[in-house]
Amino acid sequence: MNFIIDLISQPWPWYVAGVMIAIIMLAMLLLGKSFGVSSNLRTMCSIAGAGNVNSFFKFNWKNQIWNLVFISGAMIGGAIASLWLNADVAPAISDDTQADLAALGIFLNGKLNPDTLFGSQVLSSFKGWVILIGGGFLVGFGARYAGGCTSGHAISGIANLQLPSVIAVVGFFVGGLTMTHLLLPLIF
Amino acid sequence: MKFLKYLLVGVIFGITLSKAEVVSWFRIQEMFRFQSFHMYGIIGMAVGLGALFVYLIKKYGWKDYQGNQIVLNPKENSIPRYLFGGIIFGLGWALSGACPGPMFINVGIGYFPMLLVISGALVGTFVYGLMRDKLPH
């Protein structure tokens, strides 16, 4: 048993994660649901009463509880991974990326996310708030406009050979490349 | 109790994305700089095997656990909503390093500033709802 815990506490290679994600998608279909995370954001707006302001949020959110439970489980999974399946191995980020990010003043710290954006001191910086809330805003707005995010379009949609999902993923990359190569140097 | 199975699948999803570092801002940067195969391998493998599962579901008419035919709803045909929505999403993904799943998983890991990203995403979703009729779809 210890051997297994030690093994899965190491960083997982891409092929293990790829297989697991496909199995998770299949599991949700076999459970009579679909694999898509961003609709939870709409559900949360609805629970908060957004349906009184706008009809887009007027639906019976109780039918979406299963998805809220799924994303709650994902949070628990993150906690389990960091508390009990953690061999404290620094992510093996490529040297080129390290150099590019260092030029922006963002440095590896042996953890999953940079201190510049997710360290505790970010909360005392106005710029930090703008970046985090602004980044989230774009993700939330864009996911609903495009009708799905990485799970719904890039995985479920393309696995079902949906042209709209291919267009959405092309959009993800146009936006992502623009932010990475043109805008990040202006922001940092 | 009837929701326990979704909780369990969610836990496995959270562990997978954490241990494979999909929740890492650095990994997303690596992807958008084409400097590592890691993220492409994960997405490629998931899509490839996922497509095989979908093919089998359709070919053999697999049913869900309650005996209902599994139906995969086709996405409505359009270009602007997927392209423009996708671009806006991508801008946010590369900035925050988190798409909707990893936002929540990162909070579980202990990255509490990610709650600001989630707040932003909720506001973004709400504003989309308000503007929806004025946007090209």
Side-chain angles (χ1 to χ4, degrees), chain A residues 12 14 17-18 20-22 24-27 29 32 37-38 41 45 54 56 66 69-71 73-79 81-82 91 93-94 96-97 112-113 118 132-133 135-142 144-146 149-150 155 158-160 162 164 167-168 171-172 174-176 179-180, chain B residues 3 6-7 9-11 13-16 18-21 24-26 30 32-33 35-36 38 41-42 45-47 49-51 53-54 64 70 72 75 82-83 85-96 99-101 104-105 108-109 111 113 116-117 120-121 123-126 128-129:
Chain A
W12 293 9
W14 60 267
M20 291 299 294
I21 293 169
I24 288 161
M25 185 197 83
L26 176 65
L29 292 172
V37 175
S38 66
L41 297 165
C45 287
N54 188 283
F56 183 64
W66 62 271
V69 171
F70 173 82
I71 199 64
M75 291 176 75
I76 296 170
S82 90
I93 304 299
S94 88
D96 293 341
T97 306
L112 291 165
N113 292 303
F118 300 98
L132 294 178
I133 293 178
F137 182 94
L138 294 168
V139 169
F141 187 99
R144 214 61 281 122
Y145 192 177
C149 60
T150 329
I155 310 285
I158 295 186
N160 192 25
Q162 295 294 303
I167 300 170
F172 294 172
V174 172
M179 176 56 70
T180 300
Chain B
F3 292 119
Y6 304 112
L7 189 79
V9 181
V11 168
F13 180 60
I15 293 176
T16 301
S18 301
K19 292 313 300 174
E21 298 162 355
S24 165
W25 189 91
F26 297 117
E30 221 181 29
F32 283 129
R33 294 171 192 275
Q35 289 165 338
S36 166
H38 187 76
I42 292 173
M45 181 64 116
V47 169
L49 188 57
F53 289 151
V54 171
D64 68 22
I70 295 176
L72 294 108
K75 312 260 183 204
Y82 300 112
L83 190 62
I87 290 172
I88 295 168
F89 177 90
L91 288 166
W93 190 12
L95 181 58
S96 66
C99 47
F104 290 94
I105 297 170
I109 292 174
Y111 284 103
L116 291 180
V117 181
V123 176
T125 302
F126 180 65
Y128 165 75

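Note on naming: letters A, B, ... go to the chains in the order of the sequence lines (proteins, then strands), and numbering restarts at 1 for each one.
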Just so I know, are the side chains of A/P91 and A/L112 near enough to count as touching, which here means a heavy-atom distance under 4.5 Å?
yes

I'd like to know which of A/M25, A/M20, A/R144 tops the heavy-atom pair count under 4.5 Å against chain B.
A/R144

Could you check which of A/A81, A/A146, A/G135 has the highest count of heavy-atom pairs closer than 4.5 Å to chain B?
A/A146

For a quick test of reading the model, state the closest non-hydrogen atom pair linking B/G50 to A/A159 and the distance between them.
C-CB, 3.6 Å

Could you check which of A/G78, A/A79, A/G32 has the highest count of heavy-atom pairs closer than 4.5 Å to chain B?
A/G78

Does any heavy atom of chain B fall under 4.5 Å from the side chain of A/T97, the backbone, both, or neither of them?
both

Between A/S82, A/A17, A/A74, which shows the greatest number of heavy-atom pairs under 4.5 Å with chain B?
A/A74

Heavy-atom closest pair (A/G175 atom, B/L91 atom, distance to 0.1 Å) is O-CD2, 3.3 Å

Check: A/S94 main-chain N/O paired with B/E30 side-chain donor or acceptor under 3.5 Å:
yes

What are the two closest non-hydrogen atoms of B/K75 and A/Q162, and how far apart are they?
N-OE1, 2.8 Å

Residue B/L49 versus chain A: region with a heavy atom under 4.5 Å:
both

Among the listed options B/G120, B/S96, B/A20, the residue most often paired with chain A at heavy-atom distances under 4.5 Å:
B/G120

Taking the six-membered ring for Trp and the full ring for Phe, Tyr or His, determine whether the centres of A/F70 and B/Y6 are under 6.0 Å apart.
no

Answer with yes or no after comparing the ring centroid distance for A/Y145 and B/Y82 against a 6.0 Å cut-off, counting only values under it.
no

Per-residue contact mode, A/N54 against chain B (heavy atom under 4.5 angstrom)
side chain

Tell me, for B/F26 versus chain A, whether the close heavy atoms (under 4.5 Å) come from the side chain, the backbone, both or neither.
both

From the list A/I21, A/I76, A/I155, A/I167, the residue making the most non-hydrogen contacts under 4.5 Å with chain B is A/I167

Among A/L132, A/N113, A/I133, the residue with the most heavy-atom pairs under 4.5 Å to chain B is A/N113

Please evaluate residues B/W93 and B/F32 with respect to the criterion side chain to side chain contact (heavy atoms under 4.5 Å, CB included), reporting the C-alpha separation (whole Å), side-chain torsions for both, the decisive distance (0.1 Å), and the verdict.
CA-CA 10 Å; B/W93 190 12; B/F32 283 129; 3.8 Å; yes

Which of B/A121, B/A51, B/A94 touches chain A most, by non-hydrogen pairs under 4.5 Å:
B/A121

Working note: A/T180 + B/R33, criterion side-chain hydrogen bond (donor to acceptor under 3.5 Å, both in side chains); need CA distance, chi angles, decisive distance, verdict.
CA-CA 7 Å; A/T180 300; B/R33 294 171 192 275; 5.6 Å; no

Tell me, side chain or backbone of B/V54 under 4.5 Å from chain A's heavy atoms, or both, or neither?
side chain

